[in-house]
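Since the structure comes first, as structure tokens, the remarks are kept for the end.
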Number of protein chains: 2
Amino acid sequence: MLKGILLNSENYQPGLSIDCVIFGFHDNQLKVLLIKTPYENKWSLPGGFVPLNQDIDTAAVTVLNERTGMQGIFLRQFATFGRVKRNDQHFGNAVLDYFKIPEEAGKWFTQRFVTIGYYALVDFLKAVPQKGNNQEIIEWIDHKEVPELILDHKEILDKALDTLRTELNLMPVGYNLLPEKFTIPELQKLYETILDKKLDRRNFLRKITNIGILNKLDEKKSNVAHKAPNLYTFDKEKYEEVLKNGLNQGW
Amino acid sequence: MLKGILLNSENYQPGLSIDCVIFGFHDNQLKVLLIKTPYENKWSLPGGFVPLNQDIDTAAVTVLNERTGMQGIFLRQFATFGRVKRNDQHFGNAVLDYFKIPEEAGKWFTQRFVTIGYYALVDFLKAVPQKGNNQEIIEWIDHKEVPELILDHKEILDKALDTLRTELNLMPVGYNLLPEKFTIPELQKLYETILDKKLDRRNFLRKITNIGILNKLDEKKSNVAHKAPNLYTFDKEKYEEVLKNGLNQGW
DNA sequence: GTACATTGCGTCAAAATAACACACATGATA
DNA sequence: TATCATGTGTGTTATTTTGACGCAATGTAC
């Protein structure tokens with residue numbers, strides 16, 4: 001696929017790429033969808049390029065659909081990275097070598113690149129990680145155990161998480177990361193994981209329910225150790241409303 | 001200047017530009033620095049291009065320095081705009097016509113452009129708006145009276161203001177927009193203007209002083225109608241600290 | 001002086017927050 | 001079967017923060 005782009009580079013916006021930080025939540029861990037490329041022995045964020053006839057947001061959605069097989073995902077642009085030295089001659093050449101593309105033909109790829117960062121929140125269980133080609137490995141990796149990444153992808157990932165952490169104070173999070181039915185303790189773990197901070201159980205319940213985006217179901221989680229916790233769903237309508245209007249207005 | 005770039009386009013990142021929303025505050029109004037170009041009868045945001053050997057942040061700083069004659073300005077990237085149709089063939093051709101550049105040589109300029117938006121906060125009285133060339137008009141315009149802008153610049157401006165409004169809940173603002181000595185009512189007007197909302201005088205004083213970033217001076221504003229208000233400065237050190245750590249943590 | 005607008009400081013009730021106590025359910029263990 | 005450990009649901013309390021005010025002080029205009 002990348003090879004196809006390289007050979008038809010005139011159809012793509014030059015020097016511009018998209019990188020997606022795709023977050024999922026599972027086993028009380030925040031996971032990131034990463035790709036191990038065959039070109040180099042390092043991991044990378046799933047990314048892509050911008051067709052000349054496509055909006056950048058659409059290009060990001062495309063990357064996401066291709067990689068997770070999912071539609072209607074929560075996706076947000078958070079920053080654009082454009083240090084001169086973020087490009088790494090070594091990486092570019094490794095890719096060209098791999099595809100056996102001569103230097104001249106690969107010039108489009110080894111030019112300076114600026115990349116637009118998007119982060120996505122997806123339901124771990126519904127996403128089906130898709131390889132770009134057979135040599136690739138695509139995997140959910142705990143955000144605390146992310147290995148070395150190519151180029152400045154670690155910086156991009158960190159910035160994404162930082163943004164998410166900030167946005168937690170401005171908007172509700174969870175609808176996109178949790179299964180349809182979930183428990184308050186699960187939601188709390190999600191918050192704790194993102195914030196990297198312990199929260200008081202009882203105060204969390206009060207605050208989260210006061211937002212008014214939760215529906216308490218007449219149903220308890222089954223097959224669990226200890227007392228069975230209640231199940232909840234999000235009230236989609238109110239959730240969207242709070243998403244739009246924001247949480248703590250501050251002033 | 002633009003002509004120089006057009007004739008040396010191989011030294012610039014293709015299809016990528018920088019646009020700056022430069023905010024100032026004066027007469028209790030939030031002002032935006034706008035440019036009326038000679039190419040078209042419309043206003044635009046001050047912008048520029050990205051030299052191949054310059055970081056995008058540096059390119060943004062350059063635009064700002066050139067336009068305000070100021071150093072060390074508060075500058076923040078807030079979003080990147082890349083709809084396909086944000087480019088407007090009409091505008092590109094108008095510019096080429098103006099410079100009498102033949103279509104072929106101007107191809108670099110009429111290609112699809114993606115633009116990175118930065119917003120800046122500057123001290124209105126210290127900034128000295130600088131023309132790019134003699135045909136240009138550069139002016140501070142009240143944000144409530146912004147005329148029609150080229151391309152999607154209105155959208156960019158709106159997004160910048162929206163971002164600033166949100167960030168008001170996360171960080172202190174004022175150090176960059178007010179003169180060194182200022183009064184609480186002035187600071188309040190700034191907040192009210194940005195938020196487009198009236199605040200209670202007495203509650204504002206309490207909240208703003210509780211943040212701990214203000215130094216009350218033993219000095220009152222002179223030559224004013226009515227009771228002379230006290231003068232304050234920002235405690236730079238604490239201000240920076242709050243800027244870094246954020247305001248209302250929420251969780 | 002008086003009228004008027006604006007500033008500085010203070011009050012008070014309501015709401016939000018932080019810290020904590022206790023009872024309940026369930027699987028594991030004795 | 002009784003007890004324990006662990007995580008859950010609900011409630012209480014003191015403290016802090018917020019929102020909505022009152023009022024005196026200070027300056028200009030007349």
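By convention in this document, chain letters (A, B, ...) are assigned in the order of the sequence lines, proteins followed by strands, and residues within each chain are numbered from 1. Values reported hereafter were calculated over all heavy atoms of this structure, with side chains retained and with hydrogens, waters and symmetry mates removed.
- Taking the nucleotide of DNA chain C with the nearest heavy atom to each of A/Ala225 and A/Asn203, the more 5' of the two is matched to A/Asn203.
- The 5' end of DNA chain C is approached more closely, in terms of each residue's nearest nucleotide, by B/Pro229 than by the other of A/Ala228 and B/Pro229.
- Here the nucleotide nearest the side chain of B/Arg201, chosen from C/dC22, C/dT17, C/dC9, is C/dC9.
- Side chain of B/Asp200, nearest nucleotide from C/dC20, D/dC21, C/dC9: D/dC21.
- With rounding to whole Å, B/Gln188 atom CD is found 9 Å from C/dT7 atom P.
- Residue A/Tyr232 contributes atom OH, which lies 7 Å from atom P of D/dG9 at whole-angstrom precision.
- By the 4.0 Å N-to-carboxylate-O rule, B/Asp142 lies too far from B/Lys144 to be salt-bridged with it.
- C/dT17 atom C1' lies 6 Å from atom CZ of A/Arg206, rounded to whole Å.
- For B/Lys227 against C/dT7, a side-chain N or O and a base N or O form a donor-acceptor pair under 3.5 Å.
- Per the geometry, CG belonging to A/Asn230 stands 10 Å off C1' belonging to D/dT8, to the nearest Å.
- Between B/Lys216 and C/dC9 there is a side-chain N or O to OP1 or OP2 distance below 4.0 Å.
- Rounded to an integer number of Å, the gap from A/Lys221 NZ to D/dG7 P is 15 Å.
- Of the candidate nucleotides C/dA21, C/dG8, C/dA5, C/dA21 has the atom lying nearest to any side-chain atom of A/Arg202.
- Taking the six-membered ring for Trp and the full ring otherwise, the centers of A/Tyr175 and A/Phe74 sit at least 6.0 Å from each other.
- The nucleotide whose nearest atom lies closest to any side-chain atom of B/Pro185 is, among C/dT7, C/dT26, C/dG10, C/dT7.
- The CG atom of B/Leu247 sits 14 Å away from the P atom of D/dT17 (whole-angstrom rounding).
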A/Lys131 vs A/Glu136, salt bridge (charged side-chain N to carboxylate O under 4.0 Å, His left out): CA-CA, chis, key distance, verdict: CA-CA 6 Å; A/Lys131 292 189 198 184; A/Glu136 270 183 15; over 6 Å; no
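- In this structure, B/Glu219 atom CD and C/dG8 atom P are separated by 14 Å, rounded to whole Å.
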